[in-house]
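A quick write-up on the structure given underneath.
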Amino acid sequence: MTLKASVGSPFARILSVGAATPSRVIDNEYLLQYIDSSDEWITQRTGIRERRWIGEDEDIKTLSLTAGRQAIERAGVDVAEIDAVILSTISHYHQTPALAPQLATELGLTDAAAFDISAACAGFSYGLAQAEALVRSGQARYVLLIAGETISEITDLTDRGTAFLFGDGAGAVLVGPSETNGIGPVVWGSDGSQAGVIWQTKSWQDAVADGTWPKLGMDGRAVFKWATGFIAQAAKKALEEAGITADQLDVFIPHQANNRITDTLLRYLKLPENVVVARTIQTLGNNSAATIPMAMDALLASGEAKSGQTALIIGFGAGLVYAGQVITLP
Ligand SMILES: CC(C)(COP(=O)(O)OP(=O)(O)OC[C@H]1O[C@@H](n2cnc3c(N)ncnc32)[C@H](O)[C@@H]1OP(=O)(O)O)[C@@H](O)C(=O)NCCC(=O)NCCS
């Protein structure tokens with residue numbers, strides 16, 4: 001028996017972006033009460049001057065809802081047409097139920113497919129690949145992709161190697177059908193043999209036993225080496241897969257892990273000087289899955305990047321996992 005197959009749009013694109021920045025500004029000076037460091041060292045080694053952490057009335061849900069609502073409003077799409085919600089996160093407290101169904105309901109969606117994905121700092125590009133596939137296959141008309149993180153809650157403030165890196169925040173995009181292609185082929189992959197490069201310091205079972213939360217641990221040098229070697233090649237491949245050359249690119253939004261990593265990627269890709277480069281790490285830190293949509297929103301809001309321009313995005317992180325694609329900015 002031949003079964004009916006769903007038929008979707010030949011192409012998909014990002015229709016809108018939204019973001020939520022938490023209220024507490026944490027400068028480098030603040031962290032010096034916990035770690036032996038200096039504002040100068042942190043700024044020089046990473047580019048980070050300050051980051052945002054959640055305040056009393058904020059959490060991963062409030063941030064994700066704000067970003068998601070903004071993306072829906074900006075797209076001007078009726079919520080009844082949004083068939084799926086994907087939340088990319090590594091900082092939601094509950095392994096089950098997922099947070100995405102609650103976000104979908106609070107955003108006014110009825111009976112939408114909704115699920116969380118865990119792909120750390122590659123989570124936005126992983127989710128975008130899913131959203132694009134759902135729209136193009138006809139499994140969903142519109143997909144809301146939210147990346148929401150509260151990494152401050154799993155940061156070990158006494159760890160000299162990570163305490164200064166992370167911030168909280170959320171970004172969201174609405175992905176929908178398009179007459180021209182706005183999302184290039186994803187270049188993605190994983191290497192589980194490097195699971196020990198960025199890790200959770202203990203399992204939840206051990207956390208229950210000793211009554212303290214697990215935190216994030218990281219071999220910073222190993223991440224740095226991987227990001228400036230293997231990830232640089234993956235970024236180049238994403239350009240090739242989309243059929244464009246470096247001089248046709250308008251905007252570069254790499255995961256905001258370290259400004260020195262971004263500088264190395266720029267040199268490797270030989271991007272022309274006029275390419276606009278995201279540097280939100282300076283004021284937002286590393287927001288894991290949320291960095292790319294938050295940076296996209298910031299660049300469009302400031303006017304540095306414009307709707308319709310061509311951007312390369314690439315995320316990489318714990319797993320190890322990575323994913324990148326070329327997109328048309330909403
Ligand atoms: C974390 C990171 C900034 C550390 O920088 P680094 O140059 O690798 O630092 P190292 O661990 O090699 O230490 C270099 C020196 O700085 C010192 N140092 C380390 N942490 C310090 C701190 N917080 N403040 C001041 N000095 C510090 C070390 O003691 C060492 O001193 P020495 O040369 O006298 O021995 C860098 O490795 C990094 O950004 N990696 C990528 C991290 C990342 O992006 N992770 C997320 C991926 S999604």
Side-chain angles (χ1 to χ4, degrees), residues 26-51 88-91 117-127 147 149-152 154-169 171 188-192 194-201 215-232 234-235 253-266 268 278-282 284-295 313-324:
I26 305 292
D27 61 14
N28 292 338
E29 206 65 37
Y30 174 87
L31 297 169
L32 304 185
Q33 62 185 302
Y34 303 104
I35 50 167
D36 175 18
S37 189
S38 66
D39 176 37
E40 195 191 1
W41 190 92
I42 297 170
T43 310
Q44 278 180 2
R45 291 283 171 139
T46 67
I48 305 172
R49 293 197 308 270
E50 58 189 38
R51 70 286 292 141
S88 186
T89 186
I90 54 162
S91 40
I117 60 170
S118 171
C121 304
F124 179 75
S125 281
Y126 259 71
E149 302 281 19
T150 49
I151 305 290
S152 67
I154 49 170
T155 296
D156 179 356
L157 287 180
T158 64
D159 178 3
R160 265 181 120 207
T162 56
F164 49 87
L165 285 175
F166 298 100
D168 303 334
W188 57 352
S190 68
D191 180 3
Q194 298 202 67
V197 170
I198 307 171
W199 64 91
Q200 181 174 314
T201 49
K215 303 286 182 187
L216 265 186
M218 190 180 68
D219 178 346
R221 280 188 197 188
V223 177
F224 202 96
K225 202 168 151 217
W226 175 65
T228 51
F230 183 82
I231 295 304
I253 312 179
H255 171 51
Q256 301 290 288
N258 185 319
N259 254 346
R260 290 189 296 134
I261 292 177
T262 299
D263 291 338
T264 311
L265 294 176
L266 278 176
Y268 179 85
R279 300 277 185 187
T280 39
I281 191 165
Q282 293 166 358
L284 297 177
N286 175 347
N287 320 97
S288 191
T291 50
I292 292 176
M294 288 179 85
I313 62 174
I314 186 151
F316 47 88
L320 294 173
V321 291
Y322 69 95

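Note that ligands are numbered from 1 as they come in the structure, with each ligand's atoms numbered from 1 the same way. Every value quoted in this text rests on a predicted model; they were computed, and no experiment measured them.
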Going by heavy atoms, is Ile42 under 4.0 Å from ligand 1? no
Yes or no, since that's all I need: does a protein heavy atom fall within a distance strictly under 4.0 Å of atom 30 (C) of ligand 1? no
Please write down residue, atom name and distance for the protein heavy atom closest to atom 1 (C) of ligand 1. Gly161 O, 3.6 Å
Give me the nearest non-hydrogen protein atom to atom 3 (C) of ligand 1 as residue plus atom name, then the distance to 0.1 Å. Thr46 CG2, 3.6 Å
Looking at non-hydrogen atoms alone, which of Arg160, Arg45, Lys225 comes nearest to atom 6 (P) of ligand 1? Arg45
Which protein heavy atom lies closest to atom 12 (O) of ligand 1, and at what distance to 0.1 Å? Arg221 NE, 2.5 Å
Looking only at protein heavy atoms, which one is nearest to atom 48 (S) of ligand 1, and what is the separation? Cys121 SG, 3.2 Å
Quick one: which ligand 1 atoms are inside 4.0 Å of a heavy atom on His255? 48 (S)
Does the protein place any heavy atom closer than 4.0 Å to atom 44 (O) of ligand 1? yes
Closest non-hydrogen protein atom to atom 42 (C) of ligand 1, residue and atom name please, with distance? Met218 CE, 3.5 Å
Candidates Trp226, Phe166, Trp41; heavy atom nearest atom 5 (O) of ligand 1 found on Trp41
Is atom 37 (O) of ligand 1 near the protein, in the sense that some protein heavy atom lies at less than 4.0 Å from it? yes
Any non-hydrogen protein atom less than 4.0 Å away from atom 33 (O) of ligand 1: no
For atom 39 (O) of ligand 1, find the nearest protein heavy atom and state the residue, atom name and distance (0.1 Å precision). Asn258 ND2, 2.6 Å
In ligand 1, the atoms that come under 4.0 Å of a heavy atom of Ala257 are 44 (O)
